[in-house]
Amino acid sequence: MSKYVVVQGKPITDLEIPDNFVQVADDWRPRNKEQVRVVRYALPKDTALNHPHVTVIYGQDQRLISYNNFAVDSATPVPNTKAAIAIAQELFAKLDTAYTRNLSYIR
């Protein structure tokens with residue numbers, strides 16, 4: 001059964017956590033003058049840095065701030081910058097319309 005990132009109580013099927021990954025870290029850190037929750041998933045016996053992992057960052061109000069999936073190598077080509085921005089904007093619009101209105105591309 002697939003596992004998904006949960007944002008404000010709802011599973012987001014666009015943001016998957018591989019079935020064989022387990023939660024290996026869950027802590028609070030300061031980021032941009034806010035305490036954020038950083039949750040990291042990895043293979044049970046392979047938690048070293050730079051190994052396959054998924055990292056999810058939530059704001060204090062449980063909003064999604066960041067999702068990084070470095071779980072698998074993919075043969076799928078990476079989208080160009082314009083397409084990648086469109087994909088990200090579409091996903092964030094599904095998650096939090098008000099937050100999306102204030103986003104701008106920075107890198």
Side-chain angles (χ1 to χ4, degrees):
M1 185 169 140
S2 294
K3 297 183 283 187
Y4 303 105
V5 171
V6 176
V7 177
Q8 296 178 328
K10 294 194 287 190
I12 307 302
T13 57
D14 293 318
L15 304 177
E16 196 165 348
I17 299 165
D19 288 333
N20 54 343
F21 278 37
V22 296
Q23 185 176 311
V24 297
D26 185 345
D27 60 316
W28 290 86
R29 301 178 190 173
R31 178 178 178 185
N32 298 331
K33 300 180 183 176
E34 176 184 7
Q35 285 295 113
V36 298
R37 181 178 173 213
V38 180
V39 183
R40 183 177 164 100
Y41 301 88
L43 295 168
K45 296 181 181 181
D46 191 12
T47 61
L49 291 176
N50 299 320
H51 287 221
H53 67 279
V54 173
T55 301
V56 184
I57 302 175
Y58 299 96
Q60 289 178 334
D61 58 359
Q62 300 180 17
R63 75 189 184 286
L64 180 69
I65 292 175
S66 179
Y67 166 82
N68 292 294
N69 185 337
F70 298 104
V72 294
D73 290 327
S74 175
T76 305
V78 175
N80 66 38
T81 300
K82 185 175 180 179
I85 291 169
I87 292 166
Q89 288 172 330
E90 181 180 324
L91 178 60
F92 271 98
K94 286 182 191 177
L95 297 171
D96 187 340
T97 306
Y99 180 65
T100 303
R101 281 192 290 265
N102 296 317
L103 290 178
S104 61
Y105 177 72
I106 59 173
R107 58 183 153 119

Original post:
Between Gln8 (side chain) and Leu95 (backbone), is there a donor-acceptor pair under 3.5 Å?
Top reply: no

Original post:
Can you name the closest pair of heavy atoms from Ser66 and Arg31 and give their distance?
Top reply: CB-NH1, 4.0 Å

**OP:** Of all the heavy-atom pairs spanning Ile65 and Phe92, show the shortest one and how long it is.
**Re:** O-CZ, 4.1 Å

Subject >> Hphob cluster co-occupancy, Val36 + Val56, side-chain heavy atoms under 4.5 angstrom >> reply: no

Subject >> Heavy-atom closest contact (Asn20 atom, Pro44 atom, distance) >> reply: O-CD, 3.4 Å

Original post:
Side chains of Val5 and Tyr58: closer than 4.5 Å at any heavy-atom pair?
Top reply: yes

Original post:
For the residue pair Ala71 and Pro52, what are the closest heavy atoms and their distance?
Top reply: O-CB, 3.4 Å

Original post:
Is it the case that one hydrophobic cluster holds both Tyr41 and Leu43, taking links as side-chain heavy atoms less than 4.5 Å apart, direct or via other members?
Top reply: yes

**OP:** Measure the shortest side-chain to side-chain distance between Val54 and Leu15 over non-hydrogen atoms and say whether it is less than 4.5 angstrom.
**Re:** no

**OP:** Identify the two heavy atoms, one from Gly9 and one from Pro11, that lie closest to each other, and give their separation to 0.1 Å.
**Re:** O-CD, 4.0 Å

**OP:** For atom CD of Gln23, decide whether the heavy atoms of other residues, nucleotides or ligands shown that lie under 6.0 angstrom number more than 12.
**Re:** yes

Distance-only donor-acceptor hits, side chain of residues 79-88, under 3.5 Å, sequence neighbours excluded:
from: Asn80; atom 1: OD1; to: Lys82; atom 2: N; distance (Å): 3.1
from: Asn80; atom 1: OD1; to: Ala83; atom 2: N; distance (Å): 2.8

**OP:** Output yes when a side-chain donor or acceptor of Glu34 lies under 3.5 Å from a complementary backbone atom of Gln60, and no otherwise.
**Re:** yes

**OP:** Starting at CD of Gln62, measure out to CG of Asp96 and round the result to the nearest 0.5 Å.
**Re:** 12.5 Å

Original post:
Does Val7 share a hydrophobic cluster with Phe21, counting links as ILVMFWY side-chain heavy atoms below 4.5 Å and allowing steps through other members?
Top reply: yes

Original post:
Quick check: does any side chain N or O of Tyr67 sit under 3.5 Å from a backbone N or O of Glu16, one acting as donor and the other as acceptor?
Top reply: yes

